[in-house]
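Reviewing the structure listed below.
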Amino acid sequence: MAAKKISITVKVWRQASETAEGNLETYALKEISTDMSFLEMLDVLNEQLTLEGKEPVVFDHDCREGICGMCGAVVDGIAHGPKQETTLCQLHMRHFDNGQVICIEPFRARAFPVVKDLMVDRSAFDRIIQAGGYVSVNTGSAPDANTVPVPQQQAEQAMDAAACIGCGACVAACPNAASMLFTSAKISQLALMPQGRPERKQRALSMVKTMDKEGFGNCTNHRECEQVCPKGISIRHIARMNREYLAATLFGE
């Protein structure tokens, strides 16, 4: 069965640099296959712009399989677009209508400065991870399976937190531009597992301190982050992070 073709109009944010003024520019696209991903549609747009002698749109991408967390844009006001638990690269054009006008903007947050067009600098996330999102204690060689028993529910909660790909959609969706869902997922993942417990207090203190230093806002329980997260990370991890941070503050490192 042949793929359906649609014609759309896209309004894309164009900005030459962090300090330059930006604006929305309008482009018409015809014969777009509904089997295309959203990023493939942007590829078609860039090919069209190149043939016209114009500068292509800059946007982040890498694996295009919903794993790496590189891609990201706000589509019609929703980070990653209208389909829940779906990354931008896995969003297909079948979810849009013929003749639809689609507005595409970068993730907006003080801690995510625009590099160019739809690309933003998310290195603040890297610095949060560097502050404590790892295990550095000497654990010796890899133990045999089941040597350290972990309750199933606890293991599943850790796995759910570990699903975070660090895309930044939570920050883009939050009215306070908070990164607490991302940070809590990393803290929660390690706090739940035996290997991460020796450093749990220092980890919570360091990562939260770095998060605040980077200029992210605070969580006020709007739950917008949870709604746009492509991996369905729950805000319950934020509650766990708050408990970890409180315990570290009260009882020291």
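Fair warning: this is a prediction, and the values are worked out from it, not measured in the lab.
Atom CD1 of I104 is separated from atom OH of Y27 by 10.5 Å, given to the nearest 0.5 angstrom. A distance of 9.5 Å separates CG of N218 from OG of S179, quoted to the nearest 0.5 Å. In this structure, the separation between CG on L181 and SG on C170 is 5.0 Å, given to the nearest 0.5 Å. For the atom pair CG of D160 and CD of Q189, the computed distance is 11.0 Å after rounding to the nearest 0.5 Å. Summarising the geometry, atom CD belonging to E65 is positioned 11.5 Å from atom SG belonging to C71; distances are rounded to the nearest 0.5 Å. Distance check, rounded to the nearest 0.5 Å: OG1 of T26 to CZ of R14 gives 12.0 Å.
In this structure, E226 and C229 have side chains that are not in contact, with every pair of non-hydrogen atoms separated by 4.5 Å or more. The shortest side-chain heavy-atom distance between C68 and I165 does not fall under the 4.5 Å cut-off. Using a 4.5 Å cut-off on side-chain heavy atoms (C-beta onward), P175 and H222 make contact. Considering only heavy atoms from C-beta on, V75 stays 4.5 Å or farther from I78 through its side chain. Using a 4.5 Å cut-off on side-chain heavy atoms (C-beta onward), M193 and V150 make contact. The closest side-chain heavy-atom distance from L190 to Q195 is not below 4.5 Å. Counting only heavy atoms from C-beta outward, the side chains of F59 and D43 approach each other to under 4.5 Å. F107 is not listed as a side-chain neighbour of V171, based on a closest heavy-atom distance of 4.5 Å or more.
More than 12 heavy-atom neighbours from other residues, nucleotides or ligands sit within 6.0 angstrom of NZ on K5. Within 6.0 Å of CD on E25 lie more than 12 heavy atoms contributed by other residues, nucleotides or ligands. Within a 6.0 Å radius of CD in E52, other residues, nucleotides and ligands contribute more than 12 heavy atoms. Around CZ of R110, the count of heavy atoms belonging to other residues, nucleotides or ligands within 6.0 Å does not exceed 12. The environment of K231 atom NZ is dense: over 12 non-hydrogen atoms of other residues, nucleotides or ligands sit within 6.0 angstrom. Open room surrounds CZ on R236; 12 or fewer heavy atoms of other groups in view lie less than 6.0 Å from it.
Without hydrogens or angle criteria, R122 side chain to P113 main chain gives no donor-acceptor distance under 3.5 Å. Between the D60 side chain and the M119 main chain, no donor and acceptor come within less than 3.5 Å of each other. With T34 contributing its side chain and K4 its backbone, the two residues share a donor-acceptor pair below 3.5 Å. With hydrogens and angles disregarded, a donor-acceptor distance shorter than 3.5 Å links the side chain of R197 to the backbone of L192. A side-chain donor-acceptor contact under 3.5 Å links K186 to the backbone of C164. Using modelled atom types, one side-chain atom of N46 and one backbone atom of V57 make a donor-acceptor pair closer than 3.5 Å. A donor-acceptor pair under 3.5 Å is absent between the side-chain atoms of R200 and the main chain of I187, judged by distance alone.
Judged by distance alone, the side chains of S188 and H237 do bring a donor and an acceptor atom under 3.5 Å apart. Using modelled atom types, one finds a donor on one side chain and an acceptor on the other under 3.5 Å when comparing Q227 with Q84. Side-chain polar atoms of T210 and R127 form no donor-acceptor pair below 3.5 angstrom. Side-chain polar atoms of Q100 and T9 form no donor-acceptor pair below 3.5 angstrom. In this structure, a donor-acceptor pair under 3.5 Å is present between the side chains of T220 and N176. A donor and an acceptor atom, one from each side chain of Q90 and T86, are nowhere located under 3.5 Å apart.
A continuous path of hydrophobic side-chain contacts links L91 to W13 [ILVMFWY only; heavy atoms under 4.5 Å]. Cluster membership for V114 and V58, using ILVMFWY side-chain heavy atoms within less than 4.5 angstrom, is not shared. Both F251 and L246 are part of a single hydrophobic cluster, where members link through side-chain heavy atoms under 4.5 Å apart. M70 and L118 fall into different hydrophobic clusters, where Ile, Leu, Val, Met, Phe, Trp and Tyr side chains are chained together by heavy-atom contacts under 4.5 Å. Put simply, L45 and L88 are part of the same group of oily side chains (I, L, V, M, F, W, Y) that touch within less than 4.5 Å, one to the next.
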### Task
Test side chain to side chain donor-acceptor pair (under 3.5 Å) on S7 and E31 and set out the steps.
CA-CA 6 Å; S7 295; E31 298 294 307; 5.2 Å; no

### Task
In sequence, state the C-alpha distance, the side-chain angles, and the governing distance for M211 and V208, and then conclude on side chain to side chain contact (heavy atoms under 4.5 Å, CB included).
CA-CA 5 Å; M211 176 183 71; V208 171; 4.2 Å; yes

### Task
Assess whether side chain to side chain contact (heavy atoms under 4.5 Å, CB included) is satisfied between V10 and I8, documenting all intermediate values.
CA-CA 6 Å; V10 292; I8 58 173; 3.9 Å; yes

### Evaluation steps, side chain to side chain contact (heavy atoms under 4.5 Å, CB included), between H80 and V228
CA-CA 7 Å; H80 284 304; V228 300; 5.9 Å; no

### Derivation and outcome, side chain to side chain contact (heavy atoms under 4.5 Å, CB included), residues E244 and R240
CA-CA 6 Å; E244 291 287 324; R240 178 174 290 106; 4.3 Å; yes

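Two rings, from F216 and F182, have their centers 6.0 Å or more apart. Taking the six-membered ring wherever Trp is involved, the centroid distance between the rings of F112 and F125 falls below 6.0 Å.
Shown here for I233 and A161, the closest heavy-atom pair between the two residues is CD1-O, 4.1 Å. When all heavy atoms of D35 and E40 are compared, the closest pair comes out as O-OE1, 4.2 Å. Of all heavy-atom pairs spanning V74 and A172, the tightest one is CG2-CB, 4.5 Å. The nearest pair of heavy atoms linking G66 to T87 is CA-OG1, 3.3 Å. Closest of all the heavy-atom pairs between P56 and D117 is O-OD2, 3.8 Å. The two residues M93 and S33 have their closest heavy-atom pair at CB-O, 3.7 Å.
Using a 4.0 Å cut-off between a side-chain N of Lys or Arg and a carboxylate O of Asp or Glu, K116 and E55 qualify as a salt bridge.
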